[in-house]
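A short worksheet on the structure shown next.
Sequence positions, counted from 1, serve as the residue numbers for this chain.
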Amino acid sequence: MQQKVLVVEDEAAIREMLAFNLGRAGYEVLSAATGTEARSSVADKYPDVVLMDWMLPDVSGLELTRQLKRDPETREIPIIMLTARVQEDDRVAGLEGGADDYITKPFSPRELLARIKVVLRRGAAYQDETITVGRLKLNSASHRVSVDGSEISLGPTEYRILHFFMHHPDRVYSRTQLLDRIWGANVYVEERTVDVHIRRLRKALTDSGYDKLVQTVRGAGYRFSPREA
Ligand code: CA
């Protein structure tokens with residue numbers, strides 16, 4: 001699956017230059033010219049990394065970074081701040097605001113691509129962990145799922161759905177949101193496909209009784225509810 005980079009930059013020339021270089025490096029590029037556009041792109045497409053310009057017309061990139069890092073839903077997305085500012089104070093403010101890295105304009109595309117790789121790798125290391133809900137355990141390194149130590153066999157899509165749910169409990173996701181977040185924004189899959197995989201996931205969890213954690217929310221989508229565990 002192609003990794004998504006969101007470029008938040010109000011200067012069209014810079015945005016296009018970045019989009020060109022990122023596209024050529026194999027990334028899917030999303031772009032936003034304002035903080036408002038950036039927020040909706042993050043919510044709809046859930047990028048793998050955000051390149052955040054400091055000076056935006058409606059909100060400062062620093063403030064937007066703070067907001068994204070405060071929200072449990074988005075705080076794991078790495079953010080690289082782009083700025084013309086060179087003072088040490090600004091660098092510190094950017095990192096304290098939650099930015100994962102910082103790059104000063106003008107920068108070479110090569111340098112930027114190298115920085116992106118570093119934050120993505122760090123993110124991958126962060127995901128290398130075990131998450132537990134009741135007796136249900138999922139390990140991201142081995143891709144193993146077990147209940148009371150006995151392994152549950154899941155297909156790759158069911159695994160990804162469960163992984164996503166366990167990391168995003170107690171929130172309702174529409175089928176479209178699940179498609180974007182689990183299958184990827186550029187993949188064309190019918191919404192009914194989500195139902196098929198949810199059914200398979202529930203079936204795999206039935207013996208443990210944990211199928212009831214995967215709840216259908218009528219007219220809205222699905223929710224994973226650890227409280228039922
Ligand atoms: Ca700007």
Side-chain angles (χ1 to χ4, degrees), residues 1-71 73-124 126-127 174 176-189:
M1 195 169 127
Q2 241 183 336
Q3 285 177 304
K4 289 173 274 190
V5 182
L6 170 62
V7 178
V8 187
E9 167 65 77
D10 56 321
E11 283 165 70
I14 299 178
R15 207 168 53 233
E16 282 156 21
M17 180 276 282
L18 289 170
F20 173 78
N21 284 289
L22 292 164
R24 209 171 53 170
Y27 294 103
E28 178 186 339
V29 185
L30 312 165
S31 41
T34 64
T36 308
E37 279 178 33
R39 270 192 217 100
S40 64
S41 181
V42 167
D44 295 344
K45 307 290 184 194
Y46 206 80
D48 295 286
V49 57
V50 177
L51 305 183
M52 180 77 78
D53 183 29
W54 187 294
M55 302 289 280
L56 295 168
D58 52 347
V59 63
S60 86
L62 180 60
E63 180 49 34
L64 187 54
T65 298
R66 281 204 188 101
Q67 291 170 8
L68 293 173
K69 290 294 182 182
R70 264 201 305 260
D71 185 346
E73 183 64 4
T74 54
R75 70 173 163 227
E76 284 169 37
I77 304 173
I79 299 178
I80 301 175
M81 296 218 54
L82 311 176
T83 179
R85 297 170 177 231
V86 290
Q87 289 94 342
E88 188 66 15
D89 284 356
D90 291 330
R91 183 185 160 80
V92 170
L95 296 173
E96 280 180 349
D100 297 83
D101 200 0
Y102 189 99
I103 191 165
T104 308
K105 294 175 188 172
F107 48 81
S108 72
R110 239 179 89 183
E111 186 185 359
L112 178 66
L113 291 170
R115 302 280 190 102
I116 291 175
K117 274 197 186 141
V118 170
V119 295
L120 286 173
R121 214 180 298 137
R122 228 185 271 154
Y126 180 72
Q127 283 161 17
S174 69
T176 310
Q177 284 172 323
L178 291 172
L179 283 173
D180 275 356
R181 302 283 291 269
I182 296 163
W183 277 259
N186 274 357
V187 181
Y188 179 75
V189 184

### Query
Which residues pass the salt bridge (charged side-chain N to carboxylate O under 4.0 Å, His left out) test with R24, sequence neighbours left out?
none
Gap between atom [atom2] of [Y] and atom [atom1] of [X] - 0.5 Å precision:
| X | Y | atom1 | atom2 | result |
| --- | --- | --- | --- | --- |
| M55 | T83 | CE | OG1 | 8.0 Å |
| K4 | L30 | NZ | CG | 7.0 Å |
| Y46 | I182 | OH | CD1 | 12.0 Å |
| I103 | L112 | CD1 | CG | 5.0 Å |
| I80 | L120 | CD1 | CG | 7.5 Å |
| T74 | I79 | OG1 | CD1 | 7.0 Å |

Residues 10-22 side chain polar contacts: donor-acceptor under 3.5 Å, at least two apart:
residue, atom, partner, partner atom, Å
R15, NH1, E9, O, 2.9
N21, ND2, M17, O, 2.9

Residues which pass side chain to side chain donor-acceptor pair (under 3.5 Å) with [X], listed by chain and number, not counting sequence neighbours:
| X | answer |
| --- | --- |
| S60 | none |
| T34 | none |
| E37 | none |

Less than 4.5 Å apart, any side-chain heavy atom of [X] and any of [Y]?
| X | Y | value |
| --- | --- | --- |
| V49 | V5 | yes |
| Q3 | I116 | no |
| K69 | D100 | yes |
| F107 | L82 | yes |
| E28 | D48 | no |
| V42 | I77 | yes |

Which heavy-atom pair separates [X] from [Y] by the least distance, and what is that distance?
| X | Y | result |
| --- | --- | --- |
| T65 | G98 | CG2-C, 3.9 Å |
| A33 | P57 | O-CD, 3.7 Å |
| S41 | P47 | O-CD, 4.2 Å |
| D58 | G35 | OD1-N, 2.8 Å |

### Message
With salt bridge (charged side-chain N to carboxylate O under 4.0 Å, His left out) as the rule and sequence neighbours excluded, what pairs involving residues 107-118 come up?
### Response
D101-R115, E111-R115
